[in-house]
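The figures here come from the full heavy-atom set of this structure, side chains too, leaving out hydrogens, waters and symmetry mates. Just so it is clear, the model here is predicted, and its values are computed rather than measured. Counting starts at 1 for both ligands and their atoms, in listed order.
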Amino acid sequence: MTGGGRWFAKTLLSSVVPVLGLAFLAWWSAGAALAWAVAAVGFLFVVVVQIKQLSALAAWLDAPEGTTLADGSGRWGELCRKLSHKLRDEADSREAVEGSLRSFREAMDAVPDGLVIVDANHRIRWSNRAAGEHLGIRLPRDSGTMIEHLVRTPGFAAYLGEAHTAAPFVVQVPAARTRVYAVRVVPLGDYNKLLVSLDVTDERRVESMRSTFVANVSHELRTPLTVVAGFLEYFTDDSAVDADQRQQFARLMSDQTARMLTLVDDLLMLSRLEAEDAPASEEDVDMADLLAQLLAEAQSLSAGRHQLYLTCHGQALRGNRKELHSAFGNLVSNAIRYSPVGGDIVIEWAVHHEKGVFSVRDSGVGIAAEHLPRVTERFYRVDRGRSRETGGTGLGLAIVKHVLIRHQARLAIESEVGEGSIFRAEFPAWRLTSGQTGPRAQGSPSL
Ligand code: ADP
């Protein structure tokens, strides 16, 4: 018997049978008239009870929390209990589904890629938080809007209409002009599409830096190579050049070759610095000794055209001597190359506010404020002609910047056009060691 049949039989037994029993007793003791009367009253009572229970059930269904079921026992009580369980089970499973949906939405919002579901007419059905940042979609405001009306990059609508290609579409949304996104379309079911957007700004920037770098290097090498190739042509025709010219050309070729070698050396140094995060080895660098070496090199480069001064107070510096020598050497050589004849150059090592500070001050051409933020970029030059004339590669300050970063130091530049510049490399206190570096001062006019 089914649940319904069982319930019918039990209800019949518990309500109809007692009435019939009473009617039978009445007929047996007092005759048919009383039996009919008992049966009528009995059935009326049963109907009223059923209607009352039915009304209680209807009230409870309307507001299950506020109302209690009138009769907690008997057939109706059993029915109501079953109903109540069923409703509770349904509420539980609805809550579970809502919970899973909430977790799913949270997970989708945490995904860094933008996700948008559109229908066959490109109307937005759903999107995650990243899609808001990438493509400017906000739900529920944009639900049902055609995505082409929000992403107005030319060609986007046509791209969406195309058969799905592996190539992504590059989007630059006006709201986020500085960022670039690549959008891919993935078919979803028979009609819908899933749009996946990826932030490719950094990749694009690196790619553009790489190609600019290759173009710069090629350009830098091409100039001296063209000069050397030109002279070599003369050499092939023996009669065209006499011995003096030959010597002069050889000197010029040697200058150009030296320029190329310097450039290649700087490039190799830079690529080594970029390849590893930290110097391979460190030692306590005796700064007095290093500064003496720098001064000797500066004297050779200046060839007596500048006044060179050196002061050295403070402790030894923990770091990679070769890298520090290269960075400080670049600052000193710049001071000489960008200072007119007779200019003063002061090289100093001292401790200021617990920091180790290496500085080079010159009275040279100076740098205009608008160039200062860019001078440490590779191949950035304020005066291209002067840089080339003086044998610059455009990589010196980029090398300085990398070496300082590897030593947790920072570069500070102060400069005034026509007055001169001061370049300071500031090292953290923990890099200062107690190694010997006594007070030492030298002025070069006498040297
Ligand atoms: P370069 O080999 O051209 O000198 P750097 O990277 O060393 O390349 O310097 C970048 C640019 O910064 C230089 O081209 C120059 O214009 C400017 N600069 C660097 N040092 C000085 C300085 N001491 N005085 C004036 N300008 C400087």
Looking only at heavy atoms of H371, does any of them come nearer than 4.0 Å to an atom of ligand 1? no

Which atoms from ligand 1 have a heavy atom of S387 less than 4.0 Å away? 1 (P), 2 (O), 3 (O), 14 (O)

Just which atoms of ligand 1 are under 4.0 Å from any heavy atom in V375? 10 (C), 12 (O)

Atom 27 (C) of ligand 1: which of I367, N334, T390 has the nearest heavy atom? I367

Could you tell me the residue and atom name of the protein heavy atom closest to atom 21 (C) of ligand 1, and the distance to it rounded to 0.1 Å? Y338 CD1, 3.5 Å

Relative to the ring of Y159, is the ring of F169 parallel (under 30°), tilted (30 to 60°) or perpendicular (over 60°)? tilted

Tell me yes or no: between the side chains of T393 and D266, is some donor less than 3.5 Å from an acceptor? yes

With a 4.5 Å cut-off on side-chain heavy atoms, are L317 and T433 touching? no

Atoms of ligand 1, numbered as shown, that sit under 4.0 Å from any heavy atom of V365: 25 (C)

Are side-chain N/O atoms of Q299 and H306 paired as donor and acceptor at under 3.5 Å? no

On the 0 to 90° scale, with breaks at 30° and 60°, tag the Y181-H134 ring pair as parallel, tilted or perpendicular. parallel

Decide whether R321 and Q293 meet the rule of one side-chain donor and one side-chain acceptor closer than 3.5 Å. yes

What about G394: any of its N or O atoms under 3.5 Å from an N or O on ligand 1? yes

Proximal atoms of ligand 1 relative to T393 (non-hydrogen, under 4.0 Å): 2 (O)

Tell me which protein heavy atom sits closest to atom 10 (C) of ligand 1, plus the residue, atom name and distance to 0.1 Å. Y380 O, 3.3 Å

Enter the distance from L101:CG to M108:CE here, rounded to the nearest 0.5 Å. 11.5 Å

As an exercise, identify every atom of ligand 1 less than 4.0 angstrom from a heavy atom of R381. 3 (O), 14 (O)

Identity and distance of the protein heavy atom lying nearest atom 5 (P) of ligand 1: L397 N, 3.6 Å

Quick check: V382 and ligand 1, any N/O pair under 3.5 Å apart? yes

Of all the heavy atoms in N330, does at least one lie under 4.0 Å from an atom in ligand 1? no

Contact check: G392 vs ligand 1, nitrogen or oxygen atoms, below 3.5 angstrom: no

Any pair with a residue in residues 213-228 that passes side chain to side chain donor-acceptor pair (under 3.5 Å), sequence neighbours left out, goes on the list, sorted by first then second residue, please. E220-R381, E220-R388

With respect to F423, determine whether any N or O atom, backbone or side chain, lies less than 3.5 Å from an N or O atom of ligand 1. no

All N/O donor-acceptor pairs, side-chain side in residues 252-262, below 3.5 Å, sequence neighbours left out:
| from | atom 1 | to | atom 2 | distance (Å) |
| --- | --- | --- | --- | --- |
| T257 | OG1 | M253 | O | 2.6 |
| T262 | OG1 | A258 | O | 2.7 |

May I ask you to check whether over 12 heavy atoms, not counting those of R386, lie within 6.0 Å of atom CZ? yes

